[in-house]
Amino acid sequence: MQTSVTTIERFIFDQEHRYPEATGELSNLLYDIALAAKIIAAAIRRAGLVNILGSANNRNVQGEEQQKLDLIANETIKNCLNHTGRVCVMASEEDEDIIPVPTEYPVGKYAVLYDPLDGSSNIDVNSAVGTIFSIYRRISMEGRGTVSDVLQPGCKQVAAGYVMYGSSTMLVYTTGQGVHGFTLDPTIGEFLLSHPRIVTPRVGKYYSVNESNFWRWDKGMQTAVRGLKGDITDGVKPKNSRYIGSLVADFHRNLIAGGIFLYPADTRNPNGKLRLLYEASPMAFIAEQAEGSATDGLNRILDIMPAALHQRTPLVIGSREDVGFVADTLRIGARSSGATVQPAL
Ligand code: AFP
């Protein structure tokens, strides 16, 4: 029987105490998110038992069908964060506009963006889903936060993380001092440190991409993916394919085991499918902190300046050498087609 464990609360506070100037606000905010994650995890566990599985007969701002659990997760996070005085504004993948802090509550210095339940089309088949979050320091000077507080490039994030509701529930986060993972012990209701300082392998075992889109990609991307599976000379060592269709689950496996995840632009999604602010930027911060990298194919994700809340981006993320191989292949393809080549990764 283990008698000494590191809870997420203790870990966050220990990290904070290394910085005498820290006020504790960020630590408390992370702890609020961990609480929301526990509530959502409990709802997901019960989902097959109580009749809350399935569609809420509603479409979100992207025109996608919303599932009931999406709504529960979205409301849970709002309610855990909106009254604490730590947040000035929020934005959710499920809401069209920014989410103001209700006027009866105080505001704080952080802006929080989140995807409450990513991969939700997997809910009905009991596959892994996740919550992704991203935290920025506000840039507006006072009062309730504004859209400028959430439209910041990923390199300005002060923290980012995800929760994976899988065979166990895990919370993985970074505040720019490495990536740390915690597993929820359901018997005591606490996230316990299980994966301190995660470093992703430089070269991965897996490539993860929805290959049904192959004929919708441009030639450069087709060549890069063929290279990942060893179909071309000068590719990388052939990789195994793994694709769940739930970003958190695909990213998490590759983070731990090494691999590359791609969601490229295609003829149906000319800007890619994934959202810059709720998916790509937080995952890119985590990838880089774990010594991996993330690009839209040509540009570093963390350098992209968002112009709109629900902006989409192509995403190539994971083990550093594999992302480098794809980026190089795309650059060569762009040069030979005469397109303008953007700065290297
Ligand atoms: P849903 O939340 O609609 O299931 O979308 C999940 C997602 O945004 C991301 O988690 C996956 O990586 C990606 O879409 C899967 O997209 P495809 O089904 O087109 O492969």
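Both ligands and their constituent atoms are indexed starting at 1 by order of listing.
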Which heavy atom of the protein is the closest neighbour of atom 20 (O) of ligand 1, given with residue, atom name and distance?
Y243 OH, 2.5 Å

Heavy-atom nearest neighbour in the protein, as seen from atom 11 (C) of ligand 1, with distance rounded to 0.1 Å:
G245 O, 3.4 Å

Enclosure of [X] [atom1] (heavy-atom neighbours >12, cutoff 6.0 Å):
X	atom1	value
K229	NZ	yes
E291	CD	no
E142	CD	no
E96	CD	no
D303	CG	yes
R202	CZ	no

For residues 238-260, which residue pairs pass the salt bridge (Lys or Arg N to Asp or Glu O under 4.0 Å) check, not counting sequence neighbours?
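Every pair satisfying salt bridge (Lys or Arg N to Asp or Glu O under 4.0 Å) with a residue in residues 238-260: K239-D322, D250-R253.
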
Below the 3.5 angstrom mark, is there an N/O of [X], backbone or side chain, next to an N/O of ligand 1?
X	result
E279	yes
V248	no
F261	no
N213	no
N122	no

Using atom types as modelled and distance alone, determine if a side-chain donor or acceptor of E16 lies under 3.5 Å from a backbone N or O of G24.
yes

For ligand 1, which atoms, with element, lie under 4.0 Å from some heavy atom of [X]?
X	answer
S246	10 (O)
R275	8 (O)
N210	17 (P), 19 (O), 20 (O)

From atom 19 (O) of ligand 1, work out which of Y263, Y278, F251 has a heavy atom at the shortest distance.
Y263

Just go through K273, E211, R268, E93 and tell me whose heavy atom is the nearest to atom 18 (O) of ligand 1.
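The nearest heavy atom belongs to K273.
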
Region of [X] that comes within reach of ligand 1 [heavy atoms, distance under 4.0 Å]:
X	result
R312	neither
L247	both
S121	both

Full working for side chain to side chain contact (heavy atoms under 4.5 Å, CB included) between L302 and Q157
CA-CA 9 Å; L302 294 183; Q157 288 172 102; 3.7 Å; yes

Sequence neighbours excluded, the answer for ring pair (Phe, Tyr, Trp, His ring centres under 6.0 Å) partners of F11 is H180, F182

Please verify whether a non-hydrogen atom of D118 lies at under 4.0 Å from ligand 1.
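The answer is yes, since D118 has a heavy atom less than 4.0 Å from ligand 1.
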
